[in-house]
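Quick notes on the structure that follows.
On a predicted model such as this, the values are computed, not experimentally measured, just so you know. A note on names: the letters A, B, ... follow the listed sequences, proteins ahead of strands, and every chain is numbered from 1.
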Amino acid sequence: MKIVTRFAPSPTGALHVGAARTAIFNWLFSVSLGGDFLLRIEDTDRARSEERFERQIIESLEWLGLKWQGEIVRQSERLDAYGQLAEQLIDEQKAYRCYVTAEELGRRREEAKKRGEVFRYRREWSQLGAAPGKPYAVRLSVSSGEKIHVEDLVRGGIVFDSSEIEDFVILKADGFPTYNFAAAVDDARMEISHVIRGDDHIINAPRQILIAEALGFGKPKLAHVPMILGADGKKLSKRHGAESVTEYRLRGYFPEAVLNYLVRLGWSFGDQEIFTTEELVEKFSLKGIGKSASVFDSQKFLWLNGKYLRDMPEERISEGAIPLIVQRGFPEPSPERLRKIVAQMRERSETLNGIVDQSLYFFTNDFEYDEKAAQKFLVEQNGEIFKLLAEELHGIEDFSHDNIHGGFERVMERTGLGLGKIAQPSRVALTGSTKSPGIFDVVEILGRDAVASRLARAIDFIKSRNA
RNA sequence: GGCCCCAUCGUCUAGGGGUUUAGGACGCAGCCCUCUCAAGGCUGAAACACGGGUUCGAAUCCCGUUGGGGCUACCA
């Protein structure tokens, strides 16, 4: 059997990490088995679907490197097909027109709830309010008292009682299919062999099976993967903060890291934490998927991204950093200088944005002193050190790490102080804070002029403060 | 409420009857390295939800309880 999977997002928002993981699982499954991975846009909710979301989802998929085969299928472009199939079911008496409005139904549901009853649509209401030309929905006739067996590749067999399922709508009054109908029809039409989707769809499985059976279509194999929960244990959603792939891209995460983190949420391969994409393709299988929901841990995600950051070819980091630097209003540094900054900062950051945000003092002399740091280190006796240091560094011909080290050594000799006593105040004078790469590296990257002016600035600062 | 799913450290997970003093990872704590911060290395604290079975033996199998989650739309 040819393996065909699909990712079927509805364009009602950015690509959510939960949806992204579903896409990743489908993609990995098909790629690892030499099958096809298709993309279908489920834009049957006219009110909520927007084209910009579709574009955003596609962009995220491309960014993650999830390539699909063939044309994108849009359900909104296939209205005729769903309509026809619905008509066919009506002709075969497997479905019928329902004239009861959604509002009326809502009212009845309310009432039933008040009485503590479970509301289920009854066929006898179908002619309620029927009139020529009046809009209607199409409902599937569901006979009660039957067992519907769902074979799930992750969970095993699940049995539903058809009595629990009302005659649900397959075609809305606006002529659009409902999710269940469109999905069942398209999965068959696109010859999807395996449907891998979130746990929250388990409940839809029997309905889609009913539709496929009514239509005489084959049924794809099903695999329901556990959901991703927020830190509060609830279904991950907008209120959990950064939850879209776009968001993480903008925060300076790498696509490989996003892929790696997401795939490990709910799937595992022994003890392994880090996977290249090639390894994932090689090692992925449905067997590794767990059954319980997982909590999205942004700290581990950050750590993983940092891991990738430390391993990544330098050029790629530099390339990614340039726009961020420019975006913050600084001129683009020379490649050599950027290379040095990146080499230092990649050890101290987790994301691309982190690198840039933590190295602002490399790009401007006009930075603020950290208040506590200034309090402690920009004091009278250190002013003398800055003067000596300025002298020693000024005389250095070749402004390299080793020669700078020598300059510091001479200051140490002249003052009788240890390196720490000199480096730390200098760090504050040069970077405004007590945290930075090694002081010789900082000095080298800054260059003679910036170092001189910053030391002078610190000396002035001390003076003005004492005045 | 009804239906469905799930249950190993705080979190992601390994383990699927004896190999287990339950392993790894994030996070946390300590130590080492060290000019600070990181990175890196080492060490530590930290879990089989509970109750019944089955079995010579159960984290592993079964049942129940409890807890959590999902769905309950002319949303997907």
Side-chain angles (χ1 to χ4, degrees), chain A residues 8-12 19 42-45 47-49 98 100-103 105-106 109 113 116-120 135-139 150 152 154-155 158-161 163-166 168-180 182-183 197-206 224 226-227 229 231 233-235 261 264-274 288 290-304 306-307 310 344-350 358 373 377 408 418-428 431 433-440 442:
Chain A
S10 61
T12 54
E42 308 215 320
D43 52 354
T44 53
D45 183 343
R48 295 197 304 147
S49 296
C98 162
V100 186
T101 62
E103 294 71 40
L105 248 23
R109 252 182 273 272
K113 199 172 179 181
E117 289 168 15
V118 176
F119 177 88
R120 270 192 210 93
Y136 57 86
V138 178
R139 286 177 184 269
V150 175
D152 189 286
V154 172
R155 271 152 226 288
I158 306 165
V159 182
F160 292 86
D161 187 334
S163 310
E164 300 290 339
I165 302 173
E166 66 174 2
F168 58 93
V169 172
I170 56 175
L171 205 68
K172 308 179 213 174
D174 64 3
F176 277 61
T178 57
Y179 159 71
N180 281 126
R197 69 207 337 177
D199 231 348
D200 46 343
H201 284 291
I202 282 191
I203 207 81
N204 292 315
H224 288 95
M227 315 226 318
L229 273 23
K234 300 266 194 271
K235 188 175 174 179
Y261 180 70
R264 269 291 280 106
L265 223 43
W267 176 84
S268 62
F269 189 82
D271 277 348
Q272 193 168 345
E273 295 284 351
I274 315 252
K291 289 183 177 183
S292 49
S294 14
V295 173
F296 189 86
D297 182 353
S298 46
Q299 270 191 312
K300 187 166 182 179
F301 190 12
L302 196 60
W303 165 80
L304 221 212
K307 204 87 176 151
R310 266 157 248 136
Q344 291 302 324
M345 300 313 289
R346 69 189 308 180
E347 305 290 330
R348 276 159 260 260
S349 310
E350 323 289 345
Q358 286 166 52
F377 292 103
F408 271 84
L419 181 55
K421 295 282 186 201
I422 296 167
Q424 200 58 354
S426 306
R427 192 183 319 278
V428 177
T431 70
S433 100
T434 53
K435 305 168 189 171
S436 86
I439 194 69
F440 312 138
V442 170

What's the gap between B:A39 and B:G17 when it is taken at their P atoms, as a whole Å value?
40 Å

Determine whether any donor atom in the side chain of A:Lys300 lies under 3.5 Å from an acceptor atom in the base of B:C12, or the reverse, and answer yes or no.
yes

If the cut-off is 4.0 Å, is A:Arg427 near the phosphate of B:C35, judged by side-chain N/O to OP1 or OP2?
no

Whole-Å distance between B:C26 P and A:Asp271 CG?
12 Å

Once you apply a heavy-atom cut-off of 4.0 Å, does A:Pro437 come out as touching a base, just sugar-phosphate, or nothing?
base

Base, sugar-phosphate, or nothing for A:Ser294, non-hydrogen atoms under 4.0 angstrom?
sugar-phosphate

Contact class for A:Lys421 vs. all strands (heavy atom < 4.0 Å): base, sugar-phosphate, or nothing?
nothing

A:Ile202 near the nucleic acid: base, sugar-phosphate alone, or nothing, with a heavy-atom cut-off under 4.0 Å?
sugar-phosphate

B:C50 versus B:C5 - spacing of their P atoms, nearest Å:
23 Å

Ignoring backbone atoms, test whether A:Arg346 places a side-chain nitrogen or oxygen under 4.0 Å from the OP1 or OP2 oxygen of B:C37.
no

Can you find a pair of side-chain heavy atoms, one from A:Glu164 and one from A:Phe160, that are under 4.5 Å apart?
no

For residues A:Tyr261 and A:Phe296, establish whether the separation of their ring centroids is below 6.0 Å.
yes

In whole angstroms, the gap separating C1' of B:A25 from CG of A:Leu302 amounts to 15 Å

What pair of heavy atoms forms the shortest contact from A:Lys172 to A:Pro177, and how long is it?
CE-O, 3.4 Å

If pairing requires Watson-Crick or G-U wobble contacts with both distances under 3.5 Å, which nucleotide is the partner of B:G44?
B:C28

For A:Glu42 versus A:Pro11, what's the shortest heavy-atom pair and its separation?
O-CD, 3.6 Å

Between B:G67 and B:U8, how far is it from one C1' atom to the other, in whole Å?
15 Å

Calculate the interatomic distance between A:Trp267 atom CH2 and B:C12 atom C1'; express it in whole Å.
13 Å

Would you mind telling me which residue lines up with the more 5' stretch of RNA chain B, A:Gly266 or A:Gln424, judged by nearest nucleotide?
A:Gly266

Any side-chain N or O of A:Thr44 under 4.0 Å from OP1/OP2 of B:A76?
yes

Suppose we define a pair by two distances each less than 3.5 Å, Watson-Crick or G-U wobble; what does B:C61 pair with here?
B:G53

So what does A:Gly116 touch, heavy atoms closer than 4.0 Å: a base, only the sugar-phosphate, or nothing?
nothing

Closest non-hydrogen atom pair between A:Asp199 and A:Pro226, with its separation
OD2-CA, 3.5 Å

Can you tell me how far P of B:C71 sits from CZ of A:Phe168, to the nearest Å?
18 Å

Does the side chain of A:Lys291 get closer than 4.0 angstrom to OP1 or OP2 of B:U13 through an N or O atom?
no

Please work out if A:Met227 contacts a base, only the sugar-phosphate, or nothing of the nucleic acid, heavy-atom cut-off 4.0 Å.
sugar-phosphate

Any donor and acceptor pair, going by atom type alone, linking the side chain of A:Ser268 with main-chain N or O of A:Gly270 inside 3.5 Å?
no

Would you state whether a donor and an acceptor, one from the side chain of A:Arg348 and one from the base of B:C37, lie under 3.5 Å apart?
yes

Interatomic distance at P, B:U66 relative to B:G10, whole Å:
23 Å

Nearest-Å distance once atom C1' is located in both B:G64 and B:U11
29 Å

Identify the nucleotide, in any strand shown, that forms a Watson-Crick or G-U wobble pair with B:C35, with both distances under 3.5 Å; if there is none, say none.
none

So which nucleotide does B:C3 pair with, by the Watson-Crick or G-U wobble rule with both distances under 3.5 Å?
B:G70

What nucleotide, of B:G69, B:C5, B:G2, holds the atom closest to the side chain of A:Leu229?
B:G69

Taking all atoms of both residues into account, what is the closest heavy-atom pair of A:Ser436 and A:Val442, and its distance?
OG-CG2, 3.5 Å

Does B:A14 have its OP1 or OP2 closer than 4.0 Å to a side-chain nitrogen or oxygen of A:Ser268?
yes

Among B:C75, B:C37, B:C35, which nucleotide has an atom closest to any side-chain atom of A:Arg48?
B:C75

Provide the Watson-Crick or G-U wobble partner of B:U20, both distances under 3.5 Å; none if there is no partner.
none

For a quick check of understanding: with a heavy-atom distance under 4.0 Å over all strands, which category does A:Phe160 fall into, base, sugar-phosphate or nothing?
sugar-phosphate

Of all heavy-atom pairs linking A:Val154 and A:Gly290, the shortest is CG1-O, 3.7 Å

Quiz question: going by heavy-atom distance under 3.5 Å, is there a donor-acceptor pair between the base of B:A76 and the side chain of A:Asn180?
no

A:Asp174 near the nucleic acid: base, sugar-phosphate alone, or nothing, with a heavy-atom cut-off under 4.0 Å?
nothing

For nucleotides B:G27 and B:C12, find the distance between their C1' atoms and express it as a whole number of Å.
11 Å

Describe the nucleic acid contact of A:Glu42 in one word from base, sugar-phosphate, nothing, applying a heavy-atom distance below 4.0 Å.
sugar-phosphate

Once you round it to whole Å, what is the distance between P of B:U13 and CZ of A:Arg264?
7 Å

Any base atoms under 4.0 Å from A:Ser292, or only sugar-phosphate, or nothing? Heavy atoms, all strands.
sugar-phosphate

Of the nucleotides B:C12, B:C4, B:G69, which has the atom closest to the A:Glu273 side chain?
B:C12

The side chain of A:Thr178 lies closest to which of these nucleotides: B:C35, B:C12, B:A76?
B:A76

Starting at the 5' end of RNA chain B, which residue's closest nucleotide do you reach first, A:Asp161 or A:Glu350?
A:Asp161

A:Ile203 CD1 - B:A76 P separation (whole Å):
17 Å

Checking the side chain of A:Thr178 only, and the main-chain atoms of A:Val169 only, is there a donor and an acceptor separated by less than 3.5 Å?
yes

Using whole Å, report how far CD1 of A:Ile439 lies from C1' of B:U34.
14 Å

A:Val100 near the nucleic acid: base, sugar-phosphate alone, or nothing, with a heavy-atom cut-off under 4.0 Å?
base

If we take the C1' atom in both B:G53 and B:U60, what is their distance in whole Å?
15 Å

Which pair of non-hydrogen atoms, one from A:Asp152 and one from A:Arg155, has the smallest distance, and what is that distance?
OD1-N, 2.9 Å

Heavy atoms under 4.0 Å, any strand shown: does A:His224 hit a base, just sugar-phosphate, or nothing?
nothing

Nearest-neighbour nucleotide for the A:Lys435 side chain, B:U36, B:C26, B:A39 considered
B:U36

Within the pair A:Lys172 and B:A73, is there a side-chain N or O less than 4.0 Å away from OP1 or OP2?
no

Between C1' on B:U13 and CZ on A:Phe301, what's the gap in Å once rounded to a whole number?
18 Å

Integer angstrom distance from the C1' of B:G23 to that of B:G15:
8 Å

